[in-house]
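Written out below as structure tokens is the structure these notes cover.
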There are 2 protein chains.
Amino acid sequence: MPWSDTPPSRPLRRDAERNLQRILATARRVFAARGLGATLDDIAAAAGVGVGTVYRRFPNKKALLKALFGNKIRELVEIAQEALQQPSGWQGLCFFLERAHAVQAQDRGLRQMLMCDRDEGDQASQTQRELGPLVADLIRRAQAEGALRSDLTATDIPLIAVMISGIMDQCSAVKPELWRRYLTIILDGLRATRDAATPLTVDPLTEEQIERVMGQGAPCAGHGDRGAKTDTTSRP
Amino acid sequence: MPWSDTPPSRPLRRDAERNLQRILATARRVFAARGLGATLDDIAAAAGVGVGTVYRRFPNKKALLKALFGNKIRELVEIAQEALQQPSGWQGLCFFLERAHAVQAQDRGLRQMLMCDRDEGDQASQTQRELGPLVADLIRRAQAEGALRSDLTATDIPLIAVMISGIMDQCSAVKPELWRRYLTIILDGLRATRDAATPLTVDPLTEEQIERVMGQGAPCAGHGDRGAKTDTTSRP
DNA sequence: ATTAAGCGGAGGTGGCACCTCCGCTTGGTT
DNA sequence: AACCAAGCGGAGGTGCCACCTCCGCTTAAT
């Protein structure tokens, strides 16, 4: 299964198979916790194997990522399909946003994958093309009922995901479920009309927690990403 | 003024003064456009001077940043004060969120500064401590009127900023004013009750634009930040 | 017992940001 | 006009870190 899709040339030796599984499991865990920036060296160490062992199974980091995230993204399509079964369009939309973000909440690497790391023909963007029509349908239905504000479009959904992801990235270490609080607020903003606000079931961050999240020593280590050098106004 | 706060040891030579101003102006522009990750080498080149010239005026990058962002952050305090003058609490809150984010929209570096790069006693976190009570007041007033949902707290404000910043970071190159669309939605989510949804005055991204924003080749270059190596559960 | 498959992890490679240093240039002064 | 300290440029030093390779040793399988 790894190492491109060459047919099962021959079964691996038992220890090798065990190591492979260890690597996959550890990689999932590490990328989920630390994001795609985690190095294969880190993963090897965490899995208790040498780097060489990782590189024998996967020619490079990208190949490992592909192996890991291939199906994960299909999950979103399944959630959208299940959402379309919901009794009302509005419920369907809520269901989708809730579940899709719950999946992303577990996995920082997946978030980065969805936000920006796609490259051309891989499953990621392909699956996302499948997702598009389903989401458009969810929106259409909810609007037809008059429940969803009429000026919302399909392209708003990924940008809602961008907002919620921001919360997760900043806060998951301190309060992993906090994103639900803000999704509730956003959903209240999406309703065409409503009376009372939906009660927030997740408590806000305390002053002390917010200090920890925004304060000194937070991520951005070394100022992280240094901004595209290539000008952002034109594209080849 | 630069180089710590030693008294005006002696006026600079005319050409040196000109270069200093060039450096400051360019640094503002570059950090605003590319974020704090921009290098002093980049800034020097953009300003048409050598790196050495930059380092003669500022001992290191941090010093330059301090010189640039000192006042910028006070601006937010002033906005909050002006917001407290508004006729209603709700209008005040809207005014504050609108204006405060408008300032951040112009400046990616400022955003990063506010989100995470503070270190202990500098003006940034100090000013932010000033901001706290003002924001708390804005919220109290808007709730007293019954306009703002009663379960919102002061710590929600910076997290709304996190969400909106996410939009700006992803989209400012493609559609700089897009954040207003999502702020409108969030504000509609913050109202205690409402009838119709506030019309969105900013158009959504087109399919083609969203492709450009999320698609292949986006930021995250090299996967940027590689996730705290130090465990996030304890702090010394 | 034999042997190919597998293993580990030191180290090579490349890239990048921060900053220093020193020989040349130039504004200001006398 | 002549002098010289202040200023300048930018090549290059330093440190760091991620990716990946290589080869002598170990071990499962026959």
- Message: Nearest whole Å is fine: how far is dC18(C) P from L64(B) CG?
- Response: 11 Å
- Item | Heavy-atom pair with the smallest gap, counting every atom of V213(B) and Q170(B) | CG1-O, 3.6 Å
- Message: Please find the pair of heavy atoms, one from P204(A) and one from T153(B), that lie closest to each other, and give the distance.
- Response: CB-OG1, 3.4 Å
Pairs under 3.5 angstrom, nitrogen or oxygen only, protein versus nucleotides 28-30 of chain C, please.
| from | atom 1 | to | atom 2 | distance (Å) |
| --- | --- | --- | --- | --- |
| dG28(C) | OP1 | R14(B) | N | 3.1 |
| dG28(C) | OP2 | R14(B) | NH2 | 3.2 |

- Query: Below 4.0 angstrom from OP1 or OP2 of dC18(C), is there any side-chain N or O of N60(B)?
  - Reply: no
- In whole Å, what is the span from the OH atom of Y55(B) to the C1' atom of dT20(C)? 10 Å
- Query: To 10°, what angle do the rotation axes through the five end pairs on each side of the helix from dA1(C)-dT30(D) to dT30(C)-dA1(D) form?
  - Reply: 0°
- Check the distance between dG9(C)'s P and L40(A)'s CG and give it to me in whole angstrom. 16 Å
- Task: Quickly work out the R57(B) CZ to dC19(C) C1' distance and round it to whole Å.
- Result: 16 Å
- Note on the structure: When rounded to whole Å, the CG to C1' distance for the pair L20(A) and dA28(D) reads 17 Å
- Rounded to whole angstrom units, what separation is found between the CG atom of D42(B) and the P atom of dC19(C)? 14 Å
- Could D42(A) and R34(A) be called an ion pair, given the rule that one side-chain N must be under 4.0 Å from one carboxylate O? yes
- Query: Can you check whether H101(A) reaches Q104(A) side chain to side chain, under 4.5 Å on heavy atoms?
  - Reply: yes
- Item | Heavy-atom side-chain proximity of L114(B) to L110(B) below 4.5 angstrom | yes
- Item | 5' priority, DNA chain C, between D41(A) and R18(B) [closest heavy atom] | D41(A)
- Quick one: does F96(A)'s side chain get under 4.5 Å of I139(A)'s, heavy atoms only? no
- Residues Y55(B) and N60(B): side-chain donor-acceptor under 3.5 angstrom: no
- Query: Taking NZ, NE, NH1 and NH2 as the nitrogens, is one of them in D156(A) or R181(B) under 4.0 Å from a carboxylate oxygen of the other?
  - Reply: yes
- Item | Integer-rounded Å distance: dT21(D) P and K61(A) NZ | 15 Å
- Message: For Q81(A), give me all partners under side-chain contact (heavy atoms from CB on, under 4.5 Å), at least two apart in sequence or on another chain.
- Response: V77(A), E78(A), L134(A)
- Message: Whole angstroms only, please: what is the CZ-P distance between R56(A) and dC19(D)?
- Response: 18 Å
